[in-house]
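All values below were derived from every heavy atom in this structure, side-chain atoms included, with hydrogens, water molecules and symmetry-related copies excluded.
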Amino acid sequence: MRYAQIVLPLNLKGSFTYKVPEELVPVIQTGMRVLVPFRGKKIYTGIVFEIHDIEPEGFIPRDVISVLDEFPILPKEQIDFWNWLSAYYLCTLGEIYRFAFPSSLKLESETYLKLKPNVTVDFENLDVNEMYLIQALEVRQLINLTDLEAFIPKKDIIKTINSLIDLQYIEIDEKIGEKYKAKEVAYVKINERLLDNESLTAILAKLNKAPKQKDLFLLILSNQTENPDTYIKKSDLFEDGIFGHSHLKPLVDKNFVEEYYQQKDRLESYEGEIEEIEELSESQKKAKEEIDQAFEEKRNVLLHGVTSSGKTHIYLEKIEECVNQGKNVLFLLPEISLTKQITQRLEKKYGRKLGFYHQKLTDFEKVEVWRRIKNNDIQILVGTRNALFLPYQNVGLVIVDEEHDSAYKAREVSPYFNAKDSALVFGGFYDARVILGSATPSVESYYLARKEKMKYIFLNERFGNVQLPEFELINFKEAQDSKKVSGNFSLHLLDEIKKTLEDRNQAIILHNRRGYANVLECESCGYVNYCSNCDVVMTYHKAANEMKCHYCGQRASRPKACPKCHSENLNERGVGVEQIHEEVSKLFPDKEVDRMDVDSMRKKFAYEKLYEKIEDRETDIVVGTQMISKGLDFDHIELVAIPKADSLLYVQDFRAEERAFQLITQVAGRAGRVSGKGKIYIQTFNPEHSVFQLIKMNKVTKIYYHFLEERKKFHYPPFTKLIMIELKHRREDKVNRASQFLGSVLRKYLPEECVLGPERSQIARINNLYQFQILLKLPRGKNYEKYKHQVLLSLKDFNEITAYQSIKKDVFVDF
DNA sequence: AGCACGCCGACT
DNA sequence: GTCGGCGTGCTC
């Protein structure tokens with residue numbers, strides 16, 4: 001007897017045991033997709049994680065219905081990776097499965113209704129809905145549940161179906177079908193048998209009465225004789241509007257013209273020239289040699305290269321080497337929108353052997369990448385965090401670019417894994433080497449590399465020996481006191497911007513807060529506009545003239561008067577990027593000032609358009625949020641200003657200073673990339689702040705030493721491991737009680753100093769769910785697994801309380 | 001997760 | 001009296 005452990009695309013723990021029927025025993029393998037029944041007639045696509053012959057106890061397993069794959073879709077390495085993810089991040093395999101697979105690859109059965117054979121229906125006793133349904137079934141035989149909503153009110157559906165089943169008129173069935181459809185293109189050609197002169201004359205004679213058809217026939221014929229080897233696209237025939245389907249159809253019906261279809265890739269590939277990469281500079285060569293050496297010792301690498309040091313260059317060399325060894329490369333980026341430079345360079349070299357994968361592809365496009373990876377047609381895959389789950393056969397190199405970027409961390413959907421850390425483990429399973437690259441490595445990675453867990457390689461020189469930009473701290477308090485300010489800008493900064501523009505150069509202004517004003521406050525009664533779903537104030541967006549909640553997305557029109565006291569004096573408080581943009585536009589009325597933030601980039605191709613505008617130097621000043629710190633590599637940006645830099649530090653988060661450092665350094669890196677004369681202006685009330693001082697001095701080792709000292713002092717990572725448990729529920733008292741309970745259980749299992757909280761989350765309510773959190777600070781190293789096991793036990797105790805099962809619980813490991 | 005079962009309030 | 005609200009339990 002053979003049994004299989006099957007993972008289902010549901011948020012359920014572990015796998016389920018199914019019996020493998022005799023006929024499937026020779027074909028089933030781990031990593032294949034199978035169809036299995038689950039709960040009644042419902043059918044799911046599961047994945048075989050294990051095949052064994054241990055008879056289960058306590059229940060009778062059901063049979064595997066069928067095997068969907070000829071070869072395993074998940075390689076062994078991925079199965080190991082999933083198991084590791086599930087154990088490390090305390091999530092279920094089902095969650096990983098759902099996240100990893102495009103939905104077309106995990107078919108679910110759909111429920112259909114049909115009439116029972118040979119029934120006679122007594123319409124007298126049926127109500128309107130029942131009658132509708134029976135009549136519909138008599139016409140269409142099968143109806144799925146979603147179609148039903150079109151003619152029966154939603155709330156009556158269940159009732160109607162149940163009643164008709166009771167009457168034995170209808171029955172329920174499940175159907176499962178392939179969702180993926182290859183994209184097909186229609187072609188036409190003249191029927192070959194007619195291609196001799198005699199038949200052609202006869203046909204043309206026949207078509208004399210239909211001149212349009214005749215012309216179309218002649219068009220196809222001439223195309224075909226001109227280029228006998230190329231196909232004639234059906235859509236091309238109709239392009240100039242002279243002919244239509246009504247002219248072609250008779251020709252096809254009379255068998256003069258044949259129509260046929262060809263499958264076409266949805267994925268556009270580069271078809272242009274293939275270029276070689278340029279030679280490395282001396283310092284790049286040295287860095288590359290160090291990487292080679294580390295790889296010899298099977299060690300991973302943290303490549304810490306200052307902005308414009310040409311990390312990409314080194315990546316390209318390593319990619320080339322890896323491909324030449326017949327192995328494939330996975331190149332991870334935090335967001336696909338910033339792939340322009342790297343993909344342009346890779347495309348020119350690898351053409352069709354390059355693939356992309358990210359969440360913005362359509363489902364069918366994803367399936368096509370899956371197939372190409374599985375067929376080993378892709379040598380280099382550029383993708384975001386979800387690209388870790390493609391069915392790679394042999395990976396030799398993994399590159400995680402901008403490794404410090406928080407986009408590698410998932411906070412929205414489970415599994416809550418960090419793609420940067422996971423990539424290191426992933427590399428281990430494939431026996432591939434990993435390069436983490438950044439100009440501002442995360443404190444954690446820096447620490448690991450310094451502790452020799454990875455090879456640390458520092459590229460301290462910009463490409464072409466170009467100077468790093470110069471930092472100037474502007475004491476805004478002093479400027480204010482001496483009346484040398486205009487709005488949010490010191491006169492000194494405005495002067496510098498003016499000079500930059502006069503030289504026909506460009507400037508960037510960073511202000512990391514969306515909207516126009518943070519709060520709209522009533523002057524007479526102090527009323528502020530709260531979101532009705534969340535415990536946050538609504539942000540005023542002037543461009544859209546509306547109030548937006550940045551947490552649940554709710555929008556409302558801007559109130560004309562205070563809803564409480566009807567005063568019309570509403571103050572705009574807290575400066576947003578829209579306001580800075582407006583201010584700068586007024587200060588430089590004859591210059592082109594553009595804004596770049598999520599709100600202004602929402603339209604399709606808005607980013608691309610602005611990108612080109614900046615590239616063509618039509619834009620003089622770009623005002624934006626953190627978005628402008630990424631990917632804007634242009635030659636003529638010479639000045640970067642951060643008018644309200646203090647706002648970067650006043651964030652309640654132990655990583656606030658690290659983030660501020662990363663953001664400032666990254667945006668500073670946009671300046672003076674070619675000239676080496678970039679200038680950075682940081683306006684602050686606090687020029688003495690150690691982070692600003694350290695950035696200004698540009699002593700990298702000192703900065704990280706500072707961060708590490710702070711982390712050590714307050715027991716934060718990398719010196720401890722954090723796990724954050726967040727509980728959510730519609731009712732505040734309930735989630736409060738539940739988190740108190742979980743807190744006490746955790747304290748029972750763990751030392752007192754490890755458990756912090758529970759406490760109300762910083763935002764106590766989002767989308768009408770009240771949130772509480774418990775923070776666990778666990779020791780690193782050997783004991784960590786032991787402690788984590790205790791956490792699991794606590795969660796198990798908690799789950800056993802049935803009253804708390806409706807509480808949504810999220811566990812963030814390495815929070 | 002989703003879906004059925006089962007126990008209490010608001011209506012014909 | 002019924003309908004339907006959602007809290008609870010289970011799925012190989």
Let me have a per-nucleotide readout for nucleotides 6-12 of chain C, 5' to 3', with B, S or -, counting only protein heavy atoms under 4.0 Å. -SSS-BB
Is there any side chain to side chain donor-acceptor pair (under 3.5 Å) pair reaching into residues 74-86 of chain A, and which pairs are they, with sequence neighbours excluded? K76(A)-D80(A), Q78(A)-W82(A)
Go through residues 89-102 of chain A and report each residue with a non-hydrogen atom lying under 4.0 Å from DNA chain B, sorted by number. R98(A)
Give a yes or no on whether F429(A) atom CZ has more than 12 heavy-atom contacts from other residues, nucleotides or ligands under 6.0 Å away. yes
When you compare the side chains of N799(A) and K809(A), does any donor N or O come within less than 3.5 Å of an acceptor on the partner? yes
Are any side-chain N or O atoms of Y89(A) and backbone N or O atoms of N418(A), one a donor and one an acceptor, separated by less than 3.5 Å? yes
Can we call the ring centroids of F389(A) and F417(A) under 6.0 Å apart? yes
Quick one: how far along DNA chain B does chain A reach, first to last nucleotide 5' to 3', anything under 4.0 Å to a heavy atom? dA1(B) to dG2(B)
Residue pair L74(A) / F49(A): nearest heavy atoms and the distance that separates them: CD1-CE1, 4.3 Å
Residues from residues 46-58 of chain A lying under 4.0 Å of DNA chain C - heavy atoms: none
Out of H358(A), Q359(A), K366(A), which residue meets the side chain to side chain donor-acceptor pair (under 3.5 Å) rule with N386(A)? Q359(A)
Around atom CZ of F59(A), are there more than 12 heavy atoms of other residues, nucleotides or ligands at under 6.0 Å? yes
Y430(A) side chain to Y392(A) main-chain N or O, any donor-acceptor pair under 3.5 Å? yes
With a cut-off of 6.0 Å (strictly less than), are more than 12 heavy atoms of other residues, nucleotides or ligands near CZ of F654(A)? yes
Looking at E402(A), E403(A), E444(A), which one forms a salt bridge (Lys or Arg N to Asp or Glu O under 4.0 Å) with K420(A)? E403(A)
Filter on ring-ring contact (aromatic ring centres under 6.0 Å, His included), then keep only pairs touching residues 794-815 of chain A, sequence neighbours left out; what's left? Y416(A)-F812(A), F741(A)-Y804(A), F798(A)-Y804(A)
